[in-house]
There are 2 protein chains.
Amino acid sequence: MYYTVCEVARRLNLSPHTIRFYGKEGLLDFVDRDQNGNRIFKESDFEKLFIIASLKRSGMTIKQIKEFTVLCDKGDSTILQRLNIIKKQREIVDEEITKLQDALDVLKYKTWLYEVALEAGTTAVHEHMPPEEMPPNIRKIKERIRLLTDDMEARYKKAAIP
Amino acid sequence: MYYTVCEVARRLNLSPHTIRFYGKEGLLDFVDRDQNGNRIFKESDFEKLFIIASLKRSGMTIKQIKEFTVLCDKGDSTILQRLNIIKKQREIVDEEITKLQDALDVLKYKTWLYEVALEAGTTAVHEHMPPEEMPPNIRKIKERIRLLTDDMEARYKKAAIP
DNA sequence: GTAAACCTTAGAGTATACTATCAGTCAAGA
DNA sequence: TCTTGACTGATAGTATACTCTAAGGTTTAC
């Protein structure tokens with residue numbers, strides 16, 4: 001049983017354009033063609049394409065994925081190289097998730113700010129709010145923002161003046 | 001105490017180019033200028049800039065951040081709109097984190113594949129590996145990949161044949 | 001036989017976010 | 001005074017990943 005570009009696109013939630021683009025970039029050399037030159041995808045091609053799509057989702061560029069597929073084609077002598085590429089990408093994804101969780105914290109903080117402001121009818125409600133009135137998680141996030149935005153050096157100097 | 005573009009860039013881990021670019025896009029209208037037209041950043045500008053950088057990190061485009069800052073400038077009548085933008089962005093970041101965690105699962109699966117292949121000296125070791133020999137977490141990931149890449153319809157049809 | 005509904009490639013266009021270059025202004029130090 | 005260094009805006013260039021268009025080929029239904 002064979003599948004066309006459009007069928008594959010629908011199943012993997014990509015556009016047919018994107019799949020042809022990946023083909024043009026040399027990522028789909030394993031895909032067979034019929035006598036008219038049309039791509040015909042085998043059942044076993046789906047996992048390969050899914051892995052490529054996953055590497056893409058993980059933040060790898062098409063060029064990097066291409067380099068990886070070249071190593072795959074070279075066979076067993078490149079297993080260690082491939083393992084190292086995957087391990088490196090795991091680190092990158094871990095960092096990206098941390099970055100997003102930090103951004104999410106800021107969004108949580110802003111959500112709280114606006115919910116309180118909405119009830120009070122004005123954002124001025126926050127001007128002299130003591131930390132004790134904030135929920136503990138919000139207080140922690142605010143403290144982290146303060147640490148990141150504060151100029152340590154200036155604070156140190158200020159503290160050093162008797 | 002005032003700070004220059006370069007000092008601010010260093011403290012917020014952005015390039016001076018980027019900060020001027022944000023200025024050009026209308027994101028930094030709150031920043032004062034000296035008599036020569038140079039940007040002079042106040043201590044209170046750091047948190048504003050940090051929030052902008054966080055929105056950027058969360059995946060918002062510069063255009064979207066600009067729209068948000070316009071609402072901020074309009075004052076208390078736009079609190080609900082701003083809250084809704086932040087809430088929507090939280091959903092987007094949640095989805096993005098889920099997407100990355102799925103990609104990470106695939107990377108974990110590939111790590112295991114290559115570690116086993118490295119020890120065996122060949123990727124052929126996986127050709128007839130029974131699921132019982134896989135660690136449970138790897139088996140779960142492989143099952144998820146199978147569910148995503150398999151054609152449900154085809155399997156249903158196959159099963160329907162007596 | 002011809003139109004519809006697929007597929008193909010090449011190549012142009014788009015969006016986003018920088019990133020670099022350039023010519024010019026200004027203040028401070030030797 | 002002159003040089004150094006940091007700033008300015010305008011504008012051009014780059015990278016990435018699509019996304020679209022155009023021109024053409026097959027197969028199938030009527």
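The structure presented is a predicted model; accordingly, all values stated were derived computationally and were not measured. These numbers come from the heavy atoms of this one structure, side chains and all, not from hydrogens, waters or symmetry mates. In what follows, chains are A, B, ... by sequence order, proteins preceding strands, each numbered from 1.
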_Distance, rounded to the nearest Å, where A:E25 contributes CD and D:dA17 contributes C1'_ = 9 Å
*Of the nucleotides D:dA17, C:dC18, D:dT11, which has the atom closest to the B:K24 side chain?*
D:dT11
*What is the distance, rounded to the nearest whole Å, between atom CZ of A:F21 and atom C1' of C:dT9?*
15 Å
*Determine the contact category for B:S15: base if any of its heavy atoms lies under 4.0 Å from a base atom, sugar-phosphate if only primed atoms, P, OP1 or OP2 are that close, otherwise nothing.*
nothing
*What is the bend of the helix from C:dG1-D:dC30 to C:dA30-D:dT1 when you compare the axis at one end with the axis at the other, using five pairs each and rounding to 10°?*
20°
*Want to settle it: does B:Q35 or A:R33 sit nearer the 5' end of DNA chain C, counting the closest nucleotide to each?*
A:R33
*Heavy atoms under 4.0 Å, any strand shown: does B:K63 hit a base, just sugar-phosphate, or nothing?*
nothing
*Looking at the side chain of A:V5, which of C:dC18, C:dT16, C:dT8 is the nearest nucleotide?*
C:dT8
*Does A:R144 make a cation-pi contact with B:F50, if we ask for NZ or CZ under 6.0 Å from the ring centre and within 45° of the axis?*
no
*Would you call B:D45-B:K42 a salt bridge at under 4.0 Å N-O?*
yes
*Does C:dC7 have OP1 or OP2 sitting under 4.0 Å from an N or O in the side chain of A:T4?*
yes
*B:L14 CG to C:dA17 P: how many Å, rounded?*
14 Å
_Salt bridge or not between B:R10 and B:E7? Use side-chain N to carboxylate O under 4.0 Å._
no
*Below 4.0 Å: OP1/OP2 of C:dC7 and any side-chain N or O of A:R39*: no
*asked:* Side chain of B:R20, heavy atoms from C-beta onward: which of C:dA17, C:dC7, D:dG9 has the nearest atom to it?
replied: D:dG9
*What's the NZ-P distance between B:K66 and C:dT16, to the nearest Å?*
16 Å
